[in-house]
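Order of the sequence lines sets the chain letters (A, B, ...), proteins ahead of strands, with each chain counted from 1. Just the heavy atoms: all of them, side chains too, but no hydrogens, waters or symmetry mates, feed the values below.
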Amino acid sequence: MNIEIMLYIAAFLTAILGLVLAFVTLSYRELVKKYFHLRKENDEMSASAKAKSDAIIKDAQVKALRIIQEAELISGDTKKVLEDKLQSATSQQISEFNNFLSKAQSDLNNVLASVSKDITEQSVTEIEVFKKSLENQTLKAQEALKSVIGESNKKLESEMAVIREKRVKELDEAIFEIIRKVSKEVLTSSINTKDHEDLIVKSLEEAKSQGLIE
Amino acid sequence: MKTDLEKIVLDRLVTKKDVGDLLDTIDLLLNTLYQKDGDAFDKTLSTSVDEWFSDIVRGLEKNGLQKEDFLKSIGEMIKSLEEVKITIHEPPNERLKEAIKNWIDANLGTKVVADFEIKKSILGGAIISYKGKYVDYSLRKRLDSVLTKMKPQIVKSLTISHAKL
């Protein structure tokens, strides 16, 4: 019976452990999903920003070329100056765009790191909570089991004492009977015929002396 | 004379078995007395009767006694004999029979015989029963009594032995 209770408690604890592990796994999965979603958003944002900047640069170049074309009369030097200035503006735009991208990338990395850290911290916290709960349950189960075993042992000891006493008594009786038997055999073999005859006559004498024969 | 013969007969009778055997002998002799064959009685006396009794019967006529009367009166006398039942652990030998006979004659008179019963279980001594009274002087009873008195001590020593084990 006691072994059965232990088995039930063990099975119950195993079930609880399984449920908590499932919950933790699901939570982790959610967090990982969130991470990938954010990452996807970031990629989309980067692509969109790049597309927009490309469009802006292209537009600027087109406008610049138009202006240059419209001003064909402008001298070659002026043209060169304008081309240089256009090149500089373009470079500056590209540089600013690159900076923006770097910053966006850095921000994204920070966000991802933060998310990853959140996931880790949350998982660790939840695992700690579960661990503590399991320890408490295990301790309670151990205490209950100790109590059951203790009571069973007491009962068993008591029953054993009764059985032992009974057995000792039976043994004593058996030994006493053996002593009785051996005594009879020794007595019979140690008395000779003459002694037996004398005993019989003595018995008659005793019977007469006690008034049983008259 | 008759009294002397009765005394001789009584002297010969020790046990109940002796009484039974003699009664059978007397019946046999009485039966042969009534037979047509006149020699039947003498033949029986010679062949089927103990010598001591056949001598007594043969001497009856010499002593002026009738056989039939004598046999009948002896038969009646021994039928009235009392018995003391003595239970012993093995069959008595002649010496024991004689010793018991002497004791009975001295203490109870000649008109008592011993009825022996054999029971090995009594171990020794005797159980005596006479005129409705019964007493056990067997060795078995004495041994049981001693062991019963000593039982607490024996059990105590066994308990100590158990503890040592």
Heavy-atom count check: over 12 atoms from other residues, nucleotides or ligands less than 6.0 Å from [X] [atom1]?
X      : atom1 : result
A:E135 : CD    : yes
A:M45  : CE    : no
B:K16  : NZ    : no
A:Y28  : OH    : no
A:E96  : CD    : yes
A:E44  : CD    : yes
A:R39  : CZ    : no
A:E205 : CD    : yes

Is chain B contacted by the side chain of [X], its backbone, both, or neither, given a heavy-atom distance below 4.5 Å?
X      : answer
A:E185 : neither
A:I191 : side chain
A:K208 : side chain
A:L187 : side chain
A:K194 : both

Would you mind checking which part of [X] comes under 4.5 Å of any heavy atom in chain A, side chain (CB onward), backbone (N, CA, C, O), both or neither?
X      : answer
B:L108 : side chain
B:I86  : side chain
B:K151 : both
B:I88  : side chain
B:N93  : side chain

**Report entry** Intermediate values then yes/no, side chain to side chain contact (heavy atoms under 4.5 Å, CB included), A:L212 and B:I128
**Finding:** CA-CA 9 Å; A:L212 293 154; B:I128 297 160; over 6 Å; no
Report summary line: Partner of A:K184 under side-chain contact (heavy atoms from CB on, under 4.5 Å), picked from B:L139, B:D144, B:L147, is B:D144
Report summary line: Counting heavy-atom pairs under 4.5 angstrom with chain A, the leader among B:I104, B:V135, B:L123 is B:L123
Query raised in the report: Rounded to the nearest 0.5 Å, how far does OG1 of A:T188 lie from NZ of B:K120?
Result: 8.5 Å
Report task. Nearest 0.5 Å please: distance from the CG atom of A:D198 over to the CG atom of B:L96. Result -> 9.5 Å
Report task. Evaluate side chain to side chain contact (heavy atoms under 4.5 Å, CB included) for B:R140 paired with A:R180, printing each intermediate quantity in order. Result -> CA-CA 10 Å; B:R140 180 186 62 192; A:R180 189 198 296 268; over 6 Å; no
If you look at every heavy atom in [X] and [Y], which pair is closest and at what distance?
X      : Y      : value
B:W103 : A:V201 : CD1-CG1, 4.4 Å
B:R142 : A:S203 : NH2-OG, 4.3 Å
B:T148 : A:F176 : N-CZ, 4.4 Å

Query raised in the report: Does the cation-pi check pass for A:K202 over B:Y137, that is, NZ or CZ under 6.0 Å from the six-membered ring centre and within 45° of its axis?
Result: no
